[in-house]
Peer 1: 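Below is one structure. I have some questions about it.
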Protein chains: 2
Amino acid sequence: MSTRVLVQQLQSLPDGPVSVSGWVETVRDQKKVQFVILRDETGAVQLVNPATRPIDPATASGAGEEQDAAALALTETISGLSTGTFLTVTGELKHDERVKLGGVEVKVGGLEIAAAALAETPIAADSGLDKRMDWRFLDLRQRRNNLIFRVSTTLEHAMRTWWIERDFIEIHSPKLMASASESSAELFEVPYFEDKTAYLAQSPQFFKQMAQSAGFGKIFEIGDVYRADPSFTSRHATEFTSVDAEISWIDSYDDVARMQEELLAFAIGAVADKHGAEIEELFGVTVVAPTVPFPRIPLAEAHEIVTARGYDIPRTDGDLDPEGERQISAHVKEAFGHDFVFITDYPHEIRAFYHMRDAETGLTKSYDLLYNGVEITTGAQREHRVDILIEQAAQKGLDPEHLEFYFDFFRYGVPPHGGFGMGLARVLMLMLGESSIREVTFLFRGPTRLAP
Amino acid sequence: MSTRVLVQQLQSLPDGPVSVSGWVETVRDQKKVQFVILRDETGAVQLVNPATRPIDPATASGAGEEQDAAALALTETISGLSTGTFLTVTGELKHDERVKLGGVEVKVGGLEIAAAALAETPIAADSGLDKRMDWRFLDLRQRRNNLIFRVSTTLEHAMRTWWIERDFIEIHSPKLMASASESSAELFEVPYFEDKTAYLAQSPQFFKQMAQSAGFGKIFEIGDVYRADPSFTSRHATEFTSVDAEISWIDSYDDVARMQEELLAFAIGAVADKHGAEIEELFGVTVVAPTVPFPRIPLAEAHEIVTARGYDIPRTDGDLDPEGERQISAHVKEAFGHDFVFITDYPHEIRAFYHMRDAETGLTKSYDLLYNGVEITTGAQREHRVDILIEQAAQKGLDPEHLEFYFDFFRYGVPPHGGFGMGLARVLMLMLGESSIREVTFLFRGPTRLAP
């Protein structure tokens, strides 16, 4: 293991013996010379081998010509390499500025195949999304797909680092629950022990609030949640990674919004620093850390702006529809040059029962965060006064019996608190200008997609 | 929000006005003076209020004595405070070395109750574990329980940092699967769309291997997994957080073991640095970064050592039982002064089908890692040669049809690879000397435990 050199290290090494490992991207098997493009997780390098072909007796210049058996075998092995075969090559590194791929090549000395690929690759770079998802492990070998998950790693680590430097506690709340965490629709049921039924968490909502009652103060969680959601849009999945935070002793939902905008500015800045050039090259997108504060627009005002732009939102419940979100985001981009906008003060009719309401207006102390025209977050101050909370649950027609355990979190003391939930894949999709969360999810799950 | 001072900051502040927020731990309501111990996520502080009691007309020295209504009300409010009530106090900070609790106290000026707790607290510090789990949000207010999750946060962040500095990619593999990831026993079934059945992942095993086939090179995942495991031991749960890593181009399982020991040495060292003194105080345990390399003992040799210590392992399958694990760990502690030991070279009969086997001995290229006498990890080099892999699956009586999607990961090229899975709660339990993973899990899930 110690002798392996990563492809990206080759340029900085002197000419001489090296060993590289990776998979075959292409083979160019010319009569006199063979070229293999070998890729690993860090890049691609050209391997070169002067071909030694068996002498055709018909054209041999004379009898008795000796051929190097090892050289013959190596040439034959390279001729037989199929795309995707993983192998280790030992050879001579040579710097040569004529080589387009990084100005280096490796003259093959020995070649050891770890696992040969079947000759027929079931997908091509231009295969449709569904076909590519069938063969996701091959699809992920593409350089741009590999980059997506390195970006995701950097984004998450930057968020966690930001939180941890501010003394947040990371929790792992259970995903097996005795009742719904959000709504009884879109709920996966799991037969549990003793004829009980468990439900898969739709969000860590109740439990991140429990952490406030437990006096944890500031918490975050990055974990998978489940929605038995039959929709097939580019923004929905039945299982997705949710980024959640919750903080105590807030005065308003704006304390949550401020935390989130600073978090995102830091994390997107970290992505820009580490991967900006590569994202530019492979996605044609310039990632820049957003400035804070993000613009804030009350929902009612957003409606006026969208209407003034000539779009009539067909929804009658007062919420924005996807085109409305794009319109208000376009306005914000034009007016403030910003990719993000907090839409605030949603009517309680279209919000969860646990959102705190303004006593006078009835509007919730909550926001949605839009990024490049798409909602990525709902955030809110929570109602922590248990009497009002119970009343709000009843107004929504929820069965209080199933919520008793949750109401208990408020009966034994609780600080004012609030938080947000954010879809990791949506952020990645919008940051990279991708068309679907399926492109940026390691293995997507949807109504008709449970494999591989 | 900006004016709140954390309790731990008080000692470094000068005498003067402050505002602290937290929950009531105790009230000492004396006739002439009232003391409240207020706790927040960082510590506890004594609040003091000179009591102003209503004058008993019978004992009043004369008519016309005026009492301060606000002072009377404040005294009455404090008298009525129940344990657990969350409140904000504004007052005067005063340094006084006679105050045992940190040498400071806050003279109450104003007091605002955020949420009053019910008078009867359903659990006490000495309540049994099951009762405490019923009221976990109250149980977590204990200082030592809060510390557990700060330790967990530090441990995880250190591991992630170690990996990310070495260019590992973080993945989130799906927990909804079309087939079992480990064994068909202990599998939770989930009714899915179109009358399909999904299964909850027992581990990310197949998908972290898929990442190797995808050319990711080095990956990790920290996420929840599910076992429909009816056992009630102190080490098992139906849902738990699994720490997983998988790396390519290994020569042997020992490359995995070396990664894991360095990871743990770094992460435990980070815990010792950040929380060592507090762990010592609250758990009576000294946490020290383990030295590397950890001792390694082949399983057959471990058997001999345990037998020589006078313990006959009753299991007939060749594996260690819990007492055998304690015995071999005691030996390692005595002989090498080490808390960790890798037990290696398990017979294939007691290992998963995907463990690579030594062609001559049939022993698997795998290990278990024991920590303070308990298994926390299984690691292995994986069989990446698909023909052998299929054969080994067949030998275990597994239905190849359900594994075709997994075998495909190997048919289109794959590097040699291996990895480990580690239970986060077990590591925490053993590091802190706790008796059960239930104590170190945010919300435990077991056969009879699905709430809160």
Side-chain angles (χ1 to χ4, degrees), chain A residues 1 4 21 23 41 84-86 114-115 117-118 137-138 140-141 149-150 153 156-157 160 164 169-176 178 188-193 196 198 210 213-217 224 239 241 249-251 255 384 405 409-416 442-443 445 447 450-452, chain B residues 1 4 21 23 41 84-86 114-115 117-118 137-138 140-141 149-150 153 156-157 160 164 169-176 178 188-193 196 198 210 213-217 224 239 241 249-251 255 384 405 409-416 442-443 445 447 450-452:
Chain A
M1 199 185 185
R4 181 190 173 205
S21 300
W23 67 94
E41 62 269 34
T85 291
F86 279 71
L118 292 180
F137 62 101
L138 298 176
L140 289 173
R141 288 181 190 169
F149 295 93
R150 286 188 285 121
T153 301
E156 277 188 56
H157 195 60
R160 288 200 183 89
I164 285 166
I169 291 176
E170 179 167 11
I171 63 167
H172 298 283
S173 66
K175 305 306 175 229
L176 292 169
F188 282 117
E189 294 188 0
V190 186
Y192 206 64
F193 295 90
K196 285 201 291 278
M210 191 191 96
S213 182
F216 277 24
D224 281 6
E239 175 175 2
T241 303
W249 300 109
I250 61 171
D251 293 324
D255 292 324
H384 66 281
F405 83 98
F409 301 162
F410 301 84
R411 288 180 173 129
Y412 295 90
V414 66
F442 183 65
L443 277 168
R445 291 293 182 251
L450 190 57
Chain B
M1 200 181 184
R4 181 189 174 206
S21 300
W23 67 94
E41 63 268 35
T85 292
F86 280 70
L118 292 180
F137 62 101
L138 298 175
L140 289 173
R141 289 182 189 168
F149 295 92
R150 286 187 286 120
T153 301
E156 278 189 56
H157 195 61
R160 288 201 184 88
I164 285 167
I169 291 176
E170 178 166 11
I171 65 167
H172 299 282
S173 66
K175 305 307 175 226
L176 291 170
F188 283 116
E189 295 189 0
V190 185
Y192 205 63
F193 294 90
K196 285 200 291 276
M210 191 191 95
S213 182
F216 277 23
D224 280 7
E239 174 175 3
T241 303
W249 300 109
I250 62 172
D251 294 324
D255 292 323
H384 66 280
F405 82 98
F409 302 161
F410 302 83
R411 289 180 172 128
Y412 295 90
V414 66
F442 183 66
L443 277 168
R445 291 293 182 253
L450 191 56

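To find a chain, count down the sequence lines: A is the first, B the second, and so on, and within it residues start at 1.
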Peer 1: Please report the closest heavy-atom contact between B:E41 and A:F216, naming both atoms and the distance.
Peer 2: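 Closest approach of B:E41 to A:F216, heavy atoms only: CB-O, 3.9 Å.
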
Peer 1: Go through the steps for B:L450 and A:L176 under the test side chain to side chain contact (heavy atoms under 4.5 Å, CB included), then give the verdict.
Peer 2: CA-CA 7 Å; B:L450 191 56; A:L176 292 169; 4.0 Å; yes

Peer 1: Could you tell me which residues satisfy side chain to side chain contact (heavy atoms under 4.5 Å, CB included) with B:P447, sequence neighbours excluded, listed by chain and number?
Peer 2: A:F193, B:F232, B:T238

Peer 1: Name the region of A:L138, side chain, backbone, both or neither, that has any atom closer than 4.5 Å to a heavy atom of chain B.
Peer 2: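 Contact with chain B is through the side chain of A:L138 alone.
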
Peer 1: Looking at chain A, which one of B:P452, B:A198, B:S21 has the largest number of heavy-atom pairs inside 4.5 Å, strictly under?
Peer 2: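 So the answer, after comparing B:P452, B:A198, B:S21, is B:S21.
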
Peer 1: Counting heavy-atom pairs closer than 4.5 Å to chain A, which one of B:H384, B:K196, B:M210 comes out on top?
Peer 2: B:M210

Peer 1: Name all residues meeting the salt bridge (charged side-chain N to carboxylate O under 4.0 Å, His left out) criterion together with A:R160; count only those two or more places apart in sequence or in a different chain, and write none if there are none.
Peer 2: A:E156, A:E170, B:E170

Peer 1: Taking every non-hydrogen pair under 4.5 Å, which of A:G84, A:P174, A:A451, A:A178 racks up the most with chain B?
Peer 2: A:P174

Peer 1: Can you name the closest pair of heavy atoms from A:S213 and B:F86 and give their distance?
Peer 2: O-CZ, 3.6 Å

Peer 1: Counting only non-hydrogen atoms closer than 4.5 Å, does A:I171 touch chain B with its backbone (N, CA, C, O), its side chain (CB onward), both, or neither?
Peer 2: side chain

Peer 1: Any idea which heavy atoms bring A:V190 and B:V190 closest together, and the distance?
Peer 2: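 Result for this residue pair: CG2-CG2, 3.9 Å.
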
Peer 1: Provide the closest heavy-atom pair for A:W23 versus B:A214 in the form atom of the first, atom of the second, distance.
Peer 2: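 Reported closest heavy-atom pair: CH2-O, 4.4 Å.
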
Peer 1: What closest approach, in Å, do A:P415 and B:A114 show between heavy atoms, and which atom pair accounts for it?
Peer 2: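 Of all heavy-atom pairs spanning A:P415 and B:A114, the closest is CA-CB, 4.5 Å.
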
Peer 1: Between A:T241 and chain B, with a heavy-atom cut-off of 4.5 Å, which part of the residue counts as in contact: side chain, backbone, both or neither?
Peer 2: side chain

Peer 1: Which one, B:H157, B:K175, B:R150, leads in non-hydrogen pairs under 4.5 Å with chain A?
Peer 2: B:H157

Peer 1: Can you tell which part of A:F405 gets under 4.5 Å to a heavy atom of chain B, answering side chain, backbone, both or neither?
Peer 2: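 Side chain only.
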
Peer 1: Show the nearest heavy-atom pair for residues B:R141 and A:Y412, with the distance to one decimal.
Peer 2: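 The answer is NH2-O, 2.9 Å.
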
